[in-house]
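The chain is numbered in sequence order, starting from 1. First listed ligand is number 1; within each ligand, the first listed atom is number 1.
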Amino acid sequence: MLQESTCAELKSLEARVSAVERQMRAELPLPAAVEDLRREVEAFRERLETDEGLSWLGFYKQLPEPLSSEECRRLQYRRKSDSVKKRVKKNFANICDAQVSDAIRQWLRMPTFDARPWEDEELLLLLQQMYLDHDFCAKFAIDISTLRKFLYEAYKNYNDVPFHNFRHCFCVAQMLYAISWCVDLPSKIGDLEVLILLTSCICHDLDHPGYNNIYQINAKTELAIRYNDISPLENHHCSVAFRLLENDDCNIFKSFGSEDFKQVREGMIRCILATDMARHNEILTNFREMLPCFNYDDKAHVNLLCMVLIKVSDISNEARPMDIAEPWLDRLLQEFFKQSDAEKLEGLPVTPFMDREKITKPSSQCSFIGFVLLPLFEALGELLTELQDLIVQPVRDALDYYKRLNEVTREERLHRKSIVAEMADHQHNSANQSPDSGNAALPKSGSNVSFKAKILSSRSRSRSTEEETELSLEGSVQQYLEDQSLEDVLEDPESGDSETANEVEVSEKALKFKISTECTAPTTGRKSYPGSRKGSRERGQHLNQSDISRMMQQKGKLKATACSFDHHFLSDNKKLSFDSPSFLDEYALTLKKRFEEGLTGYRDTAGENNDDECVLSQETINLNKRNSEHLVKVFDEKKSILKCPDHKNNVHVENLRININTTAEDEPVKSSPKYSMVNKKYKYSEQSDNDISVISLKEEIKIQSPPSEAKSNRSILSRFRQLTDRFGLSQDSKVKHPKNNNVSKTTLHKGKTKVEPTHCKSLEKVDIRRASTLPKTKGRTSKSWKSFILGKEKHWSSDQVLDCNVSELDNQSLPSTSQMNSNCATPNKTSTSLQNSPRKSVARSESFVMGNNVTNRSVDAQEIQNDGENDPNII
Ligand SMILES: Nc1nc2c(ncn2[C@@H]2O[C@H](COP(=O)(O)O)[C@@H](O)[C@H]2O)c(=O)[nH]1
Ligand SMILES: [Zn+2]
């Protein structure tokens with residue numbers, strides 16, 4: 001009773017303070033009395049929550065145990081740093097009134113849209129454009145500044161993880177947007193459903209930690225416990241979304257009546273929860289059953305269609321051109337490998353489709369596209385036939401490509417195997433005939449030397465150089481053969497069992513038993529996991545133990561302690577048990593040394609050019625370019641479009657030319673009459689002679705591909721990797737996120753004359769009319785090259801355009817996926833108001849050379865808790 005009344009009192013006090021604060025906001029600065037009052041209320045709340053003597057009141061919050069540094073390392077993922085957030089906020093505030101050119105708006109409606117060249121704030125602008133072009137602000141009375149705050153808050157709550165980051169959210173929203181235009185979705189399911197879908201796409205992976213549900217469940221994380229293992233991540237993403245929307249400042253649905261809001265809430269929950277891959281088969285099966293009698297007037301049918309639409313958008317990377325899709329796959333695998341490495345280290349079941357020792361790019365994609373992606377896309381394509389060319393066929397092409405790649409890889413493996421068998425045969429025969437005939441008896445294959453080298457090198461990587469010299473070729477062949485057969489079983493995606501279980505099957509297993517009355521395996525499950533005969537853990541265990549026993553038997557020099565680590569690591573049902581990180585460091589260093597020795601030994605022993613080792617055919621090499629090329633050329637906007645000139649979805653390059661004097665009427669955007677208002681609204685008010693086209697913006701980016709180390713040293717190297725990754729010695733730490741690379745200076749062309757950015761001043765004369773709903777211009781700033789790409793001029797937005805008092809996450813009530821204690825994400829109550837700030841212009845360099853400098857260091861607990869004061873864009 002007392003608690004209730006105190007609580008009510010406190011709440012009313014807080015509400016009064018907020019009301020006064022809001023009232024006062026216009027008159028800056030806030031009177032000291034209000035500040036004092038607020039401080040007092042906060043102090044009062046804090047006292048109630050932290051004073052143990054007052055715990056009987058029921059407000060006391062026991063602080064969770066601080067995380068150990070080990071836990072922090074395990075859970076380390078990248079929150080955005082304050083500086084990055086501030087910069088994006090400021091830059092978005094600068095450009096949020098800008099006009100997006102018709103050409104870009106058209107491109108934005110296609111699956112060929114390439115998000116890579118755009119800065120985060122520009123992606124926010126493009127998201128805003130999606131709402132504007134659907135006329136949602138007018139139709140649903142969404143205040144533009146609220147929309148901007150909402151978008152910025154969503155951006156803020158995505159983490160810097162390799163795949164599940166803000167750019168993924170953008171791509172999902174953009175694909176949904178493209179589909180929406182292609183099939184005229186609003187006319188089929190109504191504007192509100194499209195609004196719900198678009199907003200759900202933006203929110204669908206909020207605060208993703210980079211470790212999926214399977215990990216959450218197996219590791220019994222805070223989220224899994226909170227949501228009883230039922231879609232822990234999706235529940236969390238959705239919960240974060242509504243936490244953001246609770247704040248009026250960024251509640252784009254605040255003008256909705258309670259019934260409408262209820263519909264929005266139900267719709268968003270339904271859509272976001274549908275993205276759990278554990279529900280893939282359930283949703284697809286239901287949708288297929290509905291297809292023959294699909295009825296747009298039936299709410300249940302529309303609901304299911306919306307679930308399918310968000311799912312399609314979510315997994316649609318392979319429907320994009322290869323040069324866009326592949327870097328996404330690289331990032332996904334990077335995230336997968338990090339997770340499976342963690343699982344190995346923590347003694348958790350290793351998720352097979354994430355295991356760097358078990359999958360390859362082609363095997364992963366054959367399985368995912370063939371069993372998951374394409375069936376879903378085809379089902380949707382049956383209903384929305386316009387999507388056949390747009391996204392279904394490109395996915396079929398991607399599957400064909402990966403199948404071919406997979407086949408060639410398999411052939412190579414078989415070829416390799418047959419040569420080794422032949423060698424073994426010769427070895428055996430020659431040993432029987434003459435003990436001295438040795439090498440002369442080797443097959444006359446062009447790859448003799450290479451295989452000899454291989455054999456030696458493969459062994460050398462798990463032995464000391466001394467041992468190497470002791471080894472007979474015969475022993476090596478024997479060993480090599482053993483390794484080959486193991487590798488074949490491991491790698492052969494058709495070898496069956498859990499190795500090829502895809503994400504849906506594994507996820508279903510993780511979820512189904514909890515919510516279903518079935519006690520059998522999922523109907524569609526082909527493989528068992530993880531307790532199958534060849535469950536990945538057991539398999540790994542067998543391999544590694546034999547590895548160790550070989551080391552031991554052959555008087556390996558690895559320390560007993562190091563081996564004991566492996567035994568701990570590999571023992572069944574045993575959590576990783578070790579005493580101190582220094583032990584692991586030592587082990588890591590020992591392995592590193594062995595590995596280096598191995599490499600040296602290989603060079604020394606083989607005495608051959610490494611090229612000799614290459615037995616791949618040219619075709620394989622060509623195909624494998626996708627697989628192994630780390631150097632990805634991107635960011636040539638014009639070229640990226642020219643790359644596939646025959647692709648029907650590509651915008652013709654001429655369309656990319658940004659004519660400052662172009663009006664919407666001159667270059668009409670394909671639209672239904674419904675949207676013509678929007679198009680009209682965004683024309684330029686004044687004409688100019690300036691015809692600007694972006695000629696080239698090049699950037700070469702190094703991205704991390706899955707490990708391409710020789711298979712023969714995989715076991716030891718991967719274990720080394722696991723250790724180094726987890727303990728701050730990561731080899732990967734050198735890898736830069738594409739965003740971290742400096743963007744080379746843009747060359748702008750004015751007409752046919754090359755114009756350096758500094759010459760663009762003249763263009764500032766171009767005046768641009770802004771939409772009436774936009775805040776009034778109060779200043780002007782210099783332009784960056786993107787201004788011209790966008791066909792826009794930057795204006796300062798109205799005051800407080802992005803000010804929002806939403807905390808990122810209130811950990812007391814809603815833990816972030818970091819599962820950290822309440823110190824980890826201190827509610828950001830001090831918003832960076834633009835109110836009194838001088839209207840500084842954004843330096844051009846800052847605008848397009850974002851300078852996300854990489855700091856190669858591991859994040860320690862303190863940094864995580866401080867929400868990353870350093871720029872943590874290391875992946
Ligand atoms: N092997 C692949 N898996 C993919 C690919 N694209 C997506 N995915 C998986 O689907 C889920 C989607 O769920 P999300 O909401 O978490 O994004 C994602 O996690 C991936 O695991 C792909 O091209 N290949
Ligand atoms: Zn997603």
Side-chain angles (χ1 to χ4, degrees), residues 154 158-159 161-176 200-216 223 231-238 240-241 271-281 283-284 307-320 322 324-340 351-356 358-374 376-377 391 394-395 398-399 401-402 406 493 500-508 510-511 626 706 817:
Y158 275 92
N159 297 313
V161 292
F163 184 90
H164 288 97
N165 51 39
F166 170 66
R167 281 168 184 270
H168 167 62
C169 126
F170 174 86
C171 290
V172 175
Q174 191 269 325
M175 183 57 80
L176 187 274
S200 299
C201 288
I202 291 170
C203 297
H204 88 283
D205 272 334
L206 277 169
D207 197 36
H208 198 295
Y211 293 84
N212 78 357
N213 279 335
I214 300 167
Y215 178 89
Q216 304 295 328
L223 285 182
S231 306
L233 283 177
E234 290 69 23
N235 271 304
H236 179 63
H237 306 320
C238 200
V240 174
C271 286
I272 296 176
L273 294 192
T275 62
D276 183 352
M277 295 306 286
R279 298 184 58 204
H280 178 86
N281 283 325
I283 293 169
L284 178 57
M307 291 158 87
V308 169
L309 282 165
I310 192 171
K311 278 177 61 56
V312 161
S313 308
D314 192 19
I315 57 174
S316 61
N317 286 330
E318 287 296 344
R320 295 183 187 272
M322 191 193 282
I324 299 175
E326 190 165 24
W328 275 118
L329 176 58
D330 290 332
R331 282 186 211 115
L332 184 66
L333 295 181
Q334 209 179 327
E335 222 176 88
F336 280 3
F337 295 160
K338 272 255 178 277
Q339 174 170 329
S340 60
T351 307
F353 65 86
M354 291 185 165
D355 191 343
R356 60 169 94 235
K358 294 188 172 54
I359 62 147
T360 61
K361 258 192 196 180
S363 73
S364 171
Q365 289 311 79
C366 283
S367 168
F368 186 78
I369 303 175
F371 294 114
V372 181
L373 214 168
L374 192 53
L376 182 74
F377 276 50
I391 54 173
V395 165
L399 179 59
Y401 167 80
Y402 280 113
N406 212 21
T500 53
N502 63 44
E503 180 167 5
V504 172
E505 293 162 351
V506 181
S507 305
E508 269 184 346
L511 174 73
R626 268 193 83 167
T817 49

**Message:** Between Met354 and Asn212, is the side chain to side chain contact (heavy atoms under 4.5 Å, CB included) condition met? List the steps.
**Reply:** CA-CA 10 Å; Met354 291 185 165; Asn212 78 357; 3.1 Å; yes
**Prompt:** Lys358 versus Ser363: any side-chain heavy-atom pair under 4.5 Å?
**Reply:** no
**Prompt:** Side chains of Asn317 and Ile324: closer than 4.5 Å at any heavy-atom pair?
**Reply:** no
**Request:** Enumerate the atoms of ligand 1 whose separation from the nearest heavy atom of His204 is less than 4.0 angstrom.
**Result:** 15 (O)
**Item:** N, O or S atom within Asp314 nearest to the Zn ion (ligand 2), by name
**Value:** OD1
**Leu332: numbered ligand 1 atoms lying under 4.0 Å from its heavy atoms** = 2 (C), 3 (N), 4 (C), 5 (C), 8 (N), 20 (C), 22 (C), 24 (N)
**Complete:** Taking only non-hydrogen atoms of Ser364 and a 4.0 Å limit, the atoms of ligand 1 in range are 1 (N)
**Message:** Below 4.0 Å, non-hydrogen atoms only: which portion of Asn212 touches ligand 1? Side chain, backbone, both or neither.
**Reply:** neither
**Proximal ligand 1 atoms for Gln365, defined as those under 4.0 Å from one of its heavy atoms** = 1 (N), 2 (C), 22 (C), 23 (O), 24 (N)
**Message:** Return the closest protein heavy atom for atom 9 (C) of ligand 1 as residue, atom name and distance.
**Reply:** Glu503 OE1, 3.1 Å
**Request:** Using a cut-off of strictly less than 2.8 Å, determine whether His164 has an N/O/S atom near the Zn ion (ligand 2).
**Result:** no
**Item:** Option passing side chain to side chain contact (heavy atoms under 4.5 Å, CB included) with Ser364 (candidates Ile369, Ile359, Leu332)
**Value:** Ile359
**For His168, the ligand 1 atoms whose distance to one of its heavy atoms is below 4.0 Å** = 17 (O)
**Item:** Closest approach to the Zn ion (ligand 2) by Asp205, given as the N, O or S atom name
**Value:** OD2
**Item:** Nearest neighbour in protein (non-hydrogen) for atom 18 (C) of ligand 1
**Value:** His164 NE2, 3.9 Å
**Prompt:** Going by heavy atoms in the side chains, are His204 and Glu234 under 4.5 Å from each other?
**Reply:** no
**Message:** Below 30° counts as parallel, above 60° as perpendicular, anything between as tilted: where do the rings of His164 and His208 land?
**Reply:** parallel
**Request:** May I ask you to identify, for Glu234, whether its side chain, its backbone, both or neither come under 4.0 Å of ligand 1 on a heavy-atom basis?
**Result:** neither
**Item:** Protein residue, atom and distance nearest to atom 5 (C) of ligand 1, heavy-atom basis
**Value:** Phe368 CE2, 3.3 Å
**Message:** Tell me whether the Zn ion (ligand 2) has His168 as a neighbour, meaning an N, O or S atom of it below 2.8 Å.
**Reply:** yes
**Request:** Identify, by atom number and element, the atoms of ligand 1 in contact range of Phe336, meaning under 4.0 Å from any of its heavy atoms.
**Result:** 21 (O)
**Asked** Who's the nearest protein heavy-atom neighbour of atom 14 (P) of ligand 1, and how far?
**Response** Asp314 OD2, 3.3 Å
